[in-house]
Protein chains: 2
Amino acid sequence: MKRKITLKQIAKELDVSISTVSKSLRNSLEIGEETRLKVQAFAKFYNYKPNNIALSLKNRKTKSIGIIIPEIVHHFFSTVINGVEQVANEHGYSVVICLSDDSFDKEVLNMEMLANGSIDGFIMSLSKETQFKGDFHHITEVINQGMPVVMFDRVTNDILCDKVIIDDKAAAYEAVQSLIDNGRKKIALVTTVDYVSVGKLRTDGYEKALLDNGIPFNEDLIIKIEDVDTCEITISELLHARAFDAVFAVNELFAVTIIKTASKMGLKVPEDLAVIAFTDGIISKYSTPSITTVSQSGEKMGNKAAKMLIERLEAEHDDDEEENENYTTEVIETHLIKRESTD
Amino acid sequence: MKRKITLKQIAKELDVSISTVSKSLRNSLEIGEETRLKVQAFAKFYNYKPNNIALSLKNRKTKSIGIIIPEIVHHFFSTVINGVEQVANEHGYSVVICLSDDSFDKEVLNMEMLANGSIDGFIMSLSKETQFKGDFHHITEVINQGMPVVMFDRVTNDILCDKVIIDDKAAAYEAVQSLIDNGRKKIALVTTVDYVSVGKLRTDGYEKALLDNGIPFNEDLIIKIEDVDTCEITISELLHARAFDAVFAVNELFAVTIIKTASKMGLKVPEDLAVIAFTDGIISKYSTPSITTVSQSGEKMGNKAAKMLIERLEAEHDDDEEENENYTTEVIETHLIKRESTD
DNA sequence: TTTCAACACTACCACGTTTTCGTAAACCAA
DNA sequence: TTGGTTTACGAAAACGTGGTAGTGTTGAAA
């Protein structure tokens, strides 16, 4: 059990000063070649690596970025992390992850914990509870301390910062339009409760597509689901009544549940019921029938978010506090992936 | 943009020494009540929080643990992270994640990066390439530096450390036995290439179950798949030949592909073909028919791994270097989740 | 002999904490 | 007054770096 070697130990061993060792390793010309090579050889032999913590303290930057997301066991969020990690790694950053579990308190706690020197900047997606409460003081605070924040997917207009989103409204519009193009008239929207920002936007797109096509907007065809488990009952009732011939589901879990329910009732997908889901995940791909989805590339969002954050971090290097806070909101394009659940 | 306040700034502002401030905040009795309260009030007002980096440097512990896994967009691994995060958070640790992308080099790089002071200990699952090469020097090195490592799922006997695994052999045995109990005679095994440790063990369990039931072990029924995309062709050929009436697939991706292929050919699952998969993920649950799986609770593994690691970290607190390295290997129980793909 | 530069290295500070040790002032007893 | 004990605080070291600013020696040019 040999602890990691430090500059001090090398200095002592070679009987030179710490600064000499430091400079030798950074190939400073101040140090004579003989000493320099001796030190380098010694350091290499003992596999010297500068201590990250000490560097962080000294440089006031940790070279790591914090991610705060509602949950990780979720295809979309894991792809985002993947995307962030790729870019972060390329730039020598590591990634610290905290989960809010969709709880406001955990989100605040985790942010405070990380903001205290552990990371250089945040990439985050708001928890449901935070969106519901509309309380963003923890984020404002972090930003006020000069720590850059990039929000993605679940964002809010109440905070000024860089953002990466998809055009939820336009994407929903496109999906619904494609259903209409296929001759569907009674299109249901299966969505979540309203306070989740994206849910609202997708509803807007749905409504607009209907109206633009002269189809009356029927409140009864909007099914708001808080818990997936209760979904099945509601759906089957409506299906029995043959209230709709197509569904636009706001996520793939809803979509697959609907398909299963319909199949049990002897309805055929897509003949009797066409289904499109938001968020392209594995379920859609491997479900039977496979589900047409509006792709939402988490990886691209992660890439972009990381790029924006790192750019801001490196720019800050000019410590003259220029404060040119020209925040941008990046919109990631989506497209429809047609599969078996639509014709 | 007010930077975070430091002890030094508080000291200057209140015209006392840094030590006085530090002690006041820790409620030391050395400091008179008046001063103490004054400092505390001031600190509270400016929302003082000790800087984590400085604390880490001083205490030589970072209160964060590193996770290295092959990939994150994978249900099993995300559940493990989830499990680790829960326990870590409870104990005031944060979680740093690095992805190896199943690459040896990235695994080494990431470990070196984190080992340099950024974290107190590792939780990891080996990359395919590492298992293939059998080169574990980076892990040995980290352990020699006195940094505890807990390995899970993809482990190796070449490294002495705490481990969390499932009894792959027994679990596979159980699955195959249940197929046999249902009257299946020609059971195929769809698995990965051999160097992935778990693949080998599952094959062993499969073989043993067959032999114990007097069923001849037929090499032709073992289908090794390196790439999921080529899977379909191989499978369909064998299905045409009606070479088997049941399949034990080593992961759910293989299983769902097999079911889809069979369905296309007009075969019914489970009547014509029973399917069991390893690893309980979302695909199995939402596939049609849903797939019987051997559950492998990633969350429990993560919980356990985190507990083991943290226990070791806190125990090390007694710096008398006792070195009682009684490493243990924890086995997480599995059980069969019966669904529609078997009768 | 003086002056100057090059050389080869060391001292010191800062980063933000915690902690050990020290000490001045006040109080008390003798 | 002396000696001792509190009380209340401060100085400084330590954790591991890296950069700036010296410092002392040597040799050579003036």
Side-chain angles (χ1 to χ4, degrees), chain A residues 2-40 42-43 46-63 113 115-120 145-146 317 319, chain B residues 2-40 42-43 46-63 113 115-120 145-146 317 319:
Chain A
K2 36 164 192 178
R3 276 242 123 68
K4 294 230 66 165
I5 200 166
T6 68
L7 285 187
K8 194 194 284 191
Q9 287 164 30
I10 299 181
K12 195 172 175 187
E13 210 70 32
L14 296 181
D15 208 38
V16 290
S17 82
I18 296 180
S19 355
T20 305
V21 178
S22 173
K23 285 182 184 147
S24 299
L25 295 179
R26 339 209 102 247
N27 259 319
S28 161
L29 297 175
E30 284 184 64
I31 306 297
E33 191 174 3
E34 193 188 352
T35 317
R36 196 154 30 103
L37 294 179
K38 188 176 64 179
V39 171
Q40 286 177 359
F42 191 90
Y46 283 100
N47 193 24
Y48 170 79
K49 295 254 171 55
N51 179 302
N52 279 336
I53 299 290
L55 284 180
S56 298
L57 185 57
K58 178 139 228 306
N59 303 333
R60 284 131 146 271
K61 55 176 60 173
T62 61
K63 278 280 183 180
M113 175 160 151
N116 250 11
S118 305
I119 58 162
D120 296 340
Q145 281 167 25
H317 191 57
D319 359 339
Chain B
K2 37 165 194 181
R3 274 244 126 67
K4 295 230 64 164
I5 200 167
T6 68
L7 283 188
K8 195 191 284 190
Q9 287 164 30
I10 298 181
K12 197 171 173 187
E13 211 68 35
L14 295 181
D15 207 39
V16 291
S17 79
I18 296 180
S19 3
T20 304
V21 177
S22 175
K23 285 174 193 163
S24 298
L25 294 179
R26 336 207 99 251
N27 258 319
S28 161
L29 297 175
E30 280 184 69
I31 306 298
E33 194 175 0
E34 194 189 352
T35 317
R36 194 155 29 104
L37 294 180
K38 186 177 66 182
V39 171
Q40 287 177 357
F42 190 89
Y46 283 101
N47 193 22
Y48 169 80
K49 294 256 173 52
N51 179 300
N52 280 335
I53 298 292
L55 283 181
S56 297
L57 184 58
K58 180 117 240 299
N59 302 334
R60 284 133 147 274
K61 55 176 62 175
T62 61
K63 278 279 182 180
M113 176 159 152
N116 248 17
S118 306
I119 59 162
D120 296 339
Q145 281 169 24
H317 190 59
D319 0 340

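In the text below, chain A, chain B and the rest are named by the order of the sequence lines, each starting its count at 1.
Atom-to-atom, NZ of Lys4(A) to C1' of dC15(D) comes out at 16 Å; the value is rounded to the nearest Å. In this structure, Arg60(A) atom CZ and dG16(C) atom C1' are separated by 9 Å, rounded to whole Å. Atoms CG (Leu57(B)) and P (dT19(C)) sit 14 Å apart, rounded to a whole Å. The nearest whole Å value for the distance from the CD1 atom in Ile31(B) to the C1' atom in dT19(C) is 12 Å. Residue Asn51(B) contributes atom CG, which lies 14 Å from atom C1' of dA14(C) at whole-angstrom precision. As rounded to whole Å, 14 Å separates atom C1' of dT10(C) from atom CG of Leu7(A). At whole-Å resolution of the value, NZ in Lys61(A) and C1' in dG16(C) are 18 Å apart. Rounding to whole angstrom units, CD of residue Gln9(A) and C1' of dC15(D) are separated by 12 Å.
For Arg26(B), no side-chain nitrogen or oxygen approaches OP1 or OP2 of dT17(C) to under 4.0 Å. In terms of phosphate contacts, Ser19(B) brings no side-chain nitrogen or oxygen within less than 4.0 Å of OP1 or OP2 of dA11(D). Thr20(A) has a side-chain polar atom (N or O) that falls below the 4.0 Å cut-off from OP1 or OP2 of dT10(C). Distances shown here put every side-chain N or O of Arg36(B) at or beyond 4.0 Å from the OP1 or OP2 atom of dA8(D). Phosphate contact (OP1/OP2 of dA8(D), side-chain N/O of Thr35(B), threshold under 4.0 Å): absent. A close approach under 4.0 Å does occur between a side-chain nitrogen or oxygen of Lys8(A) and OP1 or OP2 of dC15(D).
The side chain of Lys23(B) lies closest to dC21(C) when the candidates are dT17(D), dC9(C), dC21(C). The side chain of Lys58(A) has dG18(D) as its nearest neighbour among dG10(D), dG18(D), dT18(C).
Interatomic distance, Ile18(B) CD1 to Gln9(B) CD, rounded to the nearest 0.5 Å: 10.5 Å. Atom OG1 of Thr35(B) and atom CD of Gln40(B) lie 11.0 Å apart (nearest 0.5 Å). Between atom CD1 of residue Ile10(A) and atom OG1 of residue Thr20(A) there is a gap of 12.0 Å, rounded to the nearest 0.5 Å.
If you check the side chains of Lys4(A) and Asn116(B), you find a donor sitting under 3.5 Å from an acceptor.
The residue Leu55(B) sits close only to the backbone: its heavy atoms come under 4.0 Å of sugar-phosphate atoms, none of a base.
Nearer to the 5' terminus of DNA chain D, by closest-nucleotide assignment, is the contact made by Asp15(B) (compared with the other of Thr6(A) and Asp15(B)). If you find the closest nucleotide of DNA chain C to Ala54(B) and to Glu30(B), the one lying nearer the 5' end belongs to Ala54(B). For Ile18(A) and Val21(B), each mapped to the nucleotide of DNA chain D holding its nearest heavy atom, the one lying further toward the 5' end belongs to Val21(B).
Residue Lys12(B) places its NZ atom among 12 or fewer non-hydrogen atoms of other residues, nucleotides or ligands, all under 6.0 Å distant.
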